[in-house]
Amino acid sequence: MEAEKEGISLRKKREYRVKHRHSPKPDSKPSINEPVIAQKISHLFQIPDDMLASAPILTGYGSHRFCVENYRNIIEYTEEVIRIQTKTCRIHILGKRLVIAYFREDAMCVMGDISCVEYH
């Protein structure tokens with residue numbers, strides 16, 4: 001009987017608990033002032049805007065070598081097309097005999113007969 005009473009009293013305690021309400025979540029949308037703040041920070045520390053924003057930096061060396069900095073991942077890799085995802089867009093490198101000469105966490109270099117670079 002004591003076990004039943006304890007069981008009942010525990011149930012009653014649970015029923016009468018005050019529900020904890022979380023405070024509303026803060027708005028996670030970017031503020032209108034963020035670009036202004038980024039510009040001020042980059043000017044203060046003399047850092048280029050594109051580095052602060054992690055914008056992709058593309059460097060072409062003729063039609064045989066193309067380097068991409070600040071990329072996220074490689075989507076597709078064949079001898080004719082290499083698709084790369086960046087923070088802001090996708091980059092398609094088209095050509096023949098394409099190879100990735102090297103890739104690191106933040107930069108990569110593509111070599112081959114590059115005919116076209118597209119931004120999507």
Side-chain angles (χ1 to χ4, degrees):
M1 282 209 174
E2 281 185 39
E4 288 179 15
K5 288 181 183 178
E6 285 180 24
I8 292 171
S9 64
L10 287 176
R11 271 189 241 132
K12 286 183 181 179
K13 286 181 184 176
R14 286 184 194 148
E15 289 175 19
Y16 294 112
R17 283 187 187 166
V18 177
K19 291 186 179 179
H20 176 73
R21 293 189 179 164
H22 295 280
S23 59
K25 291 183 180 180
D27 191 14
S28 62
K29 293 180 183 176
S31 162
I32 295 173
N33 296 331
E34 280 187 17
V36 175
I37 294 169
Q39 287 175 351
K40 287 181 181 179
I41 292 171
S42 68
H43 180 70
L44 179 68
F45 293 109
Q46 298 177 350
I47 301 171
D49 292 339
D50 54 355
M51 285 182 67
L52 192 63
S54 298
I57 299 170
L58 312 169
T59 309
Y61 301 94
S63 62
H64 297 288
R65 193 168 116 197
F66 197 82
C67 296
V68 181
E69 296 177 53
N70 298 330
Y71 76 98
R72 283 195 174 169
N73 59 14
I74 300 166
I75 299 170
E76 182 181 356
Y77 176 43
T78 66
E79 285 189 356
E80 290 81 29
V81 64
I82 297 177
R83 298 177 206 265
I84 304 164
Q85 180 67 50
T86 68
K87 186 176 180 180
T88 57
C89 66
R90 283 189 181 177
I91 299 171
H92 299 183
I93 302 172
L94 308 171
K96 295 179 183 175
R97 296 187 302 271
L98 298 177
V99 294
I100 297 176
Y102 70 86
F103 65 96
R104 299 186 306 243
E105 189 175 312
D106 62 340
M108 67 181 296
C109 189
V110 176
M111 296 182 80
D113 296 328
I114 299 168
S115 59
C116 180
V117 177
E118 299 176 352
Y119 302 90
H120 294 271

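Values below: all heavy atoms of this structure, side chains included; hydrogens, waters and symmetry mates excluded.
Applying the ring pair (Phe, Tyr, Trp, His ring centres under 6.0 Å) test to residues at least two apart or on different chains, the pairs with a partner in residues 78-101 are His92-His120.
In this structure the side chain of Tyr77 never reaches within 4.5 angstrom of the side chain of Ile93, judged on heavy atoms. In this structure the side chain of Asn70 never reaches within 4.5 angstrom of the side chain of Lys87, judged on heavy atoms. For the pair Ile82 and Phe66, the minimum side-chain heavy-atom distance is 4.5 Å or more.
In this structure, Tyr71 contributes its side chain and Ile91 its backbone to no donor-acceptor pair below 3.5 Å.
Ile74 and Ile57 are members of different hydrophobic clusters when ILVMFWY side chains are connected at heavy-atom separations under 4.5 Å. If you chain together hydrophobic residues whose side chains sit under 4.5 Å apart, Leu94 and Ile75 never meet in one group. A continuous path of Ile, Leu, Val, Met, Phe, Trp and Tyr side chains, each step under 4.5 Å between heavy atoms, connects Leu58 with Leu98, placing both in one hydrophobic cluster.
In this structure, the separation between CZ on Arg72 and OG1 on Thr86 is 8.0 Å, given to the nearest 0.5 Å.
Evaluation of the side-chain contact (heavy atoms from CB on, under 4.5 Å) rule for Tyr61 yields Thr59, Arg65, Cys67 as partners, not counting sequence neighbours. Residues meeting the salt bridge (Lys or Arg N to Asp or Glu O under 4.0 Å) test with Glu80, sequence neighbours left out: none. Listed by chain and number, the residues in a side-chain hydrogen bond (donor to acceptor under 3.5 Å, both in side chains) with Glu76 are Arg83 (sequence neighbours excluded).
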Show me the donor-acceptor pairs, under 3.5 Å and distance only, between side chains in residues 101-114 and residues at least two apart or in other chains.
from   : atom 1 : to    : atom 2 : distance (Å)
Asp113 : OD1    : His64 : ND1    : 3.2
Asp113 : OD2    : Arg97 : NH2    : 2.3

